[in-house]
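Proteins get letters first, then strands, A, B, ... in listed order; numbering begins at 1 in each. Below, all heavy atoms of this structure are taken into account, side chains as well, without hydrogens, waters or symmetry copies.
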There are 2 protein chains.
Amino acid sequence: MISEKTISRLTNYQSLLRQQQTQGTSHIFSHQLADLARVTPAQVRRDLMVIGYSGNPRTGYHVGDLQESLMQFFAFSTGIPTVLVGVGSLGRALLSYFMTGRSNIRILAAFDSDPMKTGRSISGCRVYPMTRLRETIADLTVTCGLITVPGSEAQKVVDALITGGIHGFVNFAPVRLKVPPTVFVENLDVTSSIEKAAFFARSYSLKTQEEQAHE
Amino acid sequence: MISEKTISRLTNYQSLLRQQQTQGTSHIFSHQLADLARVTPAQVRRDLMVIGYSGNPRTGYHVGDLQESLMQFFAFSTGIPTVLVGVGSLGRALLSYFMTGRSNIRILAAFDSDPMKTGRSISGCRVYPMTRLRETIADLTVTCGLITVPGSEAQKVVDALITGGIHGFVNFAPVRLKVPPTVFVENLDVTSSIEKAAFFARSYSLKTQEEQAHE
DNA sequence: CTCTAGCTGTGAAATTTGTCACAGCGTGAA
DNA sequence: TTCACGCTGTGACAAATTTCACAGCTAGAG
Ligand SMILES: NC(=O)c1ccc[n+]([C@@H]2O[C@H](COP(=O)([O-])OP(=O)(O)OC[C@H]3O[C@@H](n4cnc5c(N)ncnc54)[C@H](O)[C@@H]3O)[C@@H](O)[C@H]2O)c1
Ligand SMILES: NC(=O)c1ccc[n+]([C@@H]2O[C@H](COP(=O)([O-])OP(=O)(O)OC[C@H]3O[C@@H](n4cnc5c(N)ncnc54)[C@H](O)[C@@H]3O)[C@@H](O)[C@H]2O)c1
């Protein structure tokens, strides 16, 4: 079994390699990729072991080939098909970003329970009422659901999407969803992240002050 | 030194306890809190060790007292003072959420380099030009910066905020920022999270199919 | 009062995750 | 062609994190 952290780093390498390739870099060493990703060279080599790509001791990794291997490993050459539920302020921000950007994420459809928001397109994405959820995702072969409804609604929304056959979610609502072990949920809780950053900010800030006091 | 994971869980307990208290729960056992937080009871007890709060073997933890201890540990009774840089679609979503919500996060000011966006308020938050950054944050005692500018601009923005004395960041741009060891950065990379969810979705989905085939 | 069921707090073990360090290799230099 | 440098791939080790498991306690029942 391969760990979440490894997967996160691999996706990061992928985006860094894309950047490097546009800059014309053809080969890259583990220590260079490590610097870009802010990890150790050993970590990079370890991670690349799991996708089975081998570099060359003298020239490092071939950027194009490595990207190819990563693509194959992640197997989303045609992009990641997703749907979004909850076209509020956050949902609209995500639509505007992913419908225009050139990431490999495709939002195929959006859903909302509010009749004011349905029946039209936002950033080029159709917004459907929740009643159309089942049939629409049955047609589309969706890999991942983006949950941007209020916390109180999130559980019922995921339940519906799971019934529709979706196994992966990114949940922006500040609640822990209950899902079967065949379903993966990545929680992006902004509030919690800010609290975390604030905690460490304060502790680092105090440490800095103490050190200055010692001088 | 206390770990990031522990802090994340503690903030989560805090929000769960808030919910429980509004529902009139006065006492809670480690296994109950564990169920809510989707962790093990031992994990809960371990985590609570670090804040030095002790429960009672017969009645469990007193919800009010535990909240009090957590508050004291995090020491943000007056709310977490933050500033936001980059009033684009994501920045506006965050403003609308945190300026109206009843979380303990306070966005004191927003900044943008685009003159079209400055000089007015969005969701009740003043948007200043970047030239006013230094003086404004000097006045405000800010704990945490929210970075919602394009990736290409993120590094220079953090550099400026660090110069202004901020030690904590939540970075939404898909780049790894270079910061001194006295500064904490929490990266919220939505693209990367979706890719991760998609990867595990596919692997769980395949596993499910295999199991069904075996029957 | 005494007893007991079932919890907490916590050393110790287990597991997961990251790092070290070095054998082995490929390339360019001579 | 040979050599030497500096990298990769990886076994072994180290650190961090989680779980186990149990002594010790406490409120309520009898
Ligand atoms: N910056 C942010 O906006 C922000 C920050 C932190 C967390 N969040 C979380 O993200 C989620 C969305 O936040 P938001 O600010 O966009 O909220 P919002 O109220 O602007 O949007 C919520 C949307 O969900 C729709 N909705 C409600 N119930 C639904 C249901 N049962 N089925 C389908 N659609 C439904 C509503 O019609 C609305 O369009 C919330 O859980 C919030 O806690 C948002
Ligand atoms: N849903 C989303 O919107 C989304 C999703 C994933 C990642 N992101 C990331 O979040 C960031 C913001 O995304 P967005 O969609 O809001 O982009 P946006 O283009 O809508 O907004 C960016 C804002 O930053 C301002 N800006 C640009 N350069 C600046 C500078 N040097 N100083 C101050 N302000 C500056 C711009 O004027 C603009 O208002 C980006 O890094 C993006 O990659 C956003």
Side-chain angles (χ1 to χ4, degrees), chain A residues 1-13 16-17 20 25-70 73 176 181 184 196 199-200 203, chain B residues 1-13 17 20 25-70 73 176 181 184 187 196 199-200 203:
Chain A
M1 196 49 198
I2 177 165
S3 84
E4 282 192 46
K5 297 197 170 189
T6 303
I7 295 299
S8 291
R9 283 191 301 265
L10 285 173
T11 62
N12 187 213
Y13 301 153
L16 292 169
L17 289 170
Q20 288 302 304
T25 315
S26 72
H27 293 267
I28 194 166
F29 292 120
S30 65
H31 70 261
Q32 297 176 305
L33 191 49
D35 285 349
L36 295 170
R38 310 258 186 270
V39 296
T40 63
Q43 182 81 77
V44 169
R45 297 201 296 275
R46 210 24 105 183
D47 290 337
L48 296 189
M49 275 179 76
V50 313
I51 65 163
Y53 180 76
S54 271
N56 176 310
R58 190 65 183 190
T59 57
Y61 303 99
H62 186 277
V63 174
D65 290 355
L66 179 48
Q67 268 191 303
E68 184 59 35
S69 291
L70 281 164
F73 178 76
R176 301 287 158 144
F184 179 87
K196 184 171 154 190
F199 175 82
F200 286 107
S203 89
Chain B
M1 195 50 198
I2 177 164
S3 83
E4 281 190 46
K5 296 195 171 191
T6 303
I7 295 299
S8 291
R9 283 191 302 265
L10 285 173
T11 62
N12 187 213
Y13 300 154
L17 289 170
Q20 288 303 302
T25 315
S26 72
H27 294 267
I28 193 166
F29 292 120
S30 65
H31 70 263
Q32 299 176 306
L33 192 49
D35 285 349
L36 295 170
R38 310 256 187 271
V39 296
T40 63
Q43 182 81 79
V44 169
R45 298 201 295 274
R46 229 347 123 201
D47 289 337
L48 295 188
M49 276 180 75
V50 313
I51 65 164
Y53 180 75
S54 269
N56 177 311
R58 190 65 182 190
T59 57
Y61 303 100
H62 186 277
V63 175
D65 289 356
L66 179 47
Q67 268 191 303
E68 184 58 35
S69 290
L70 281 164
F73 178 76
R176 302 287 159 144
F184 179 88
N187 290 298
K196 185 170 153 190
F199 175 82
F200 286 106
S203 90

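- Nearest nucleotide to the B:Phe29 side chain, out of D:dG9, C:dC7, D:dA27: C:dC7.
- With sequence neighbours left out, the side chain to side chain donor-acceptor pair (under 3.5 Å) criterion links A:Arg45 to A:Ser30.
- The distance from atom OH of B:Tyr53 to atom P of C:dG9 is 9 Å, rounded to the nearest whole Å.
- Of the candidate nucleotides C:dG11, D:dG6, C:dG9, C:dG9 has the atom lying nearest to any side-chain atom of B:Tyr61.
- Residue A:Ser54 is in sugar-phosphate contact alone, with no base atom involved, counting any heavy-atom pair closer than 4.0 Å across all strands shown.
- Among the protein residues, B:Thr6 comes within range of no part of the nucleic acid, since none of its heavy atoms lies under 4.0 Å from any strand.
- Comparing D:dC25, C:dT10, D:dT10 against the side chain of B:Pro57 picks out D:dC25 as the nearest.
- Atom C1' of nucleotide C:dT19 and atom CG of A:Asp47 are separated by 12 Å, given to the nearest angstrom.
- One cannot find a donor-acceptor pair under 3.5 Å joining the base of C:dC25 and the side-chain atoms of A:Arg58.
- One N or O donor and one acceptor, one from the side chain of A:Arg45 and one from the base of D:dG9, sit under 3.5 Å apart.
- Distance A:His27 NE2 to D:dT8 P: 13 Å, rounded to the nearest Å.
- A distance below 6.0 Å separates the ring centres of B:Phe199 and A:Phe73.
- Rounded to whole angstrom, the span from the CD atom of B:Gln43 across to the P atom of C:dT15 amounts to 16 Å.
- Close to C:dT16, at under 4.0 Å from its OP1 or OP2, lies no side-chain N or O of A:Ser3.
- Closest approach of A:Tyr53 to A:Asp65, counting heavy atoms only: OH-CB, 3.4 Å.
- For B:Arg46 against D:dT19, a side-chain-to-base donor-acceptor contact under 3.5 Å is present.
- One interatomic measurement links the two molecules: CG of A:Leu66 to P of D:dC7, which rounds to 17 Å at whole-angstrom precision.
- Here C:dG18 presents its P atom at 12 Å from CD of A:Glu4, a figure rounded to the nearest Å.
- Where A:Gly55 and B:Arg9 each meet DNA chain D at their nearest nucleotide, the meeting point lying more 5' is that of A:Gly55.
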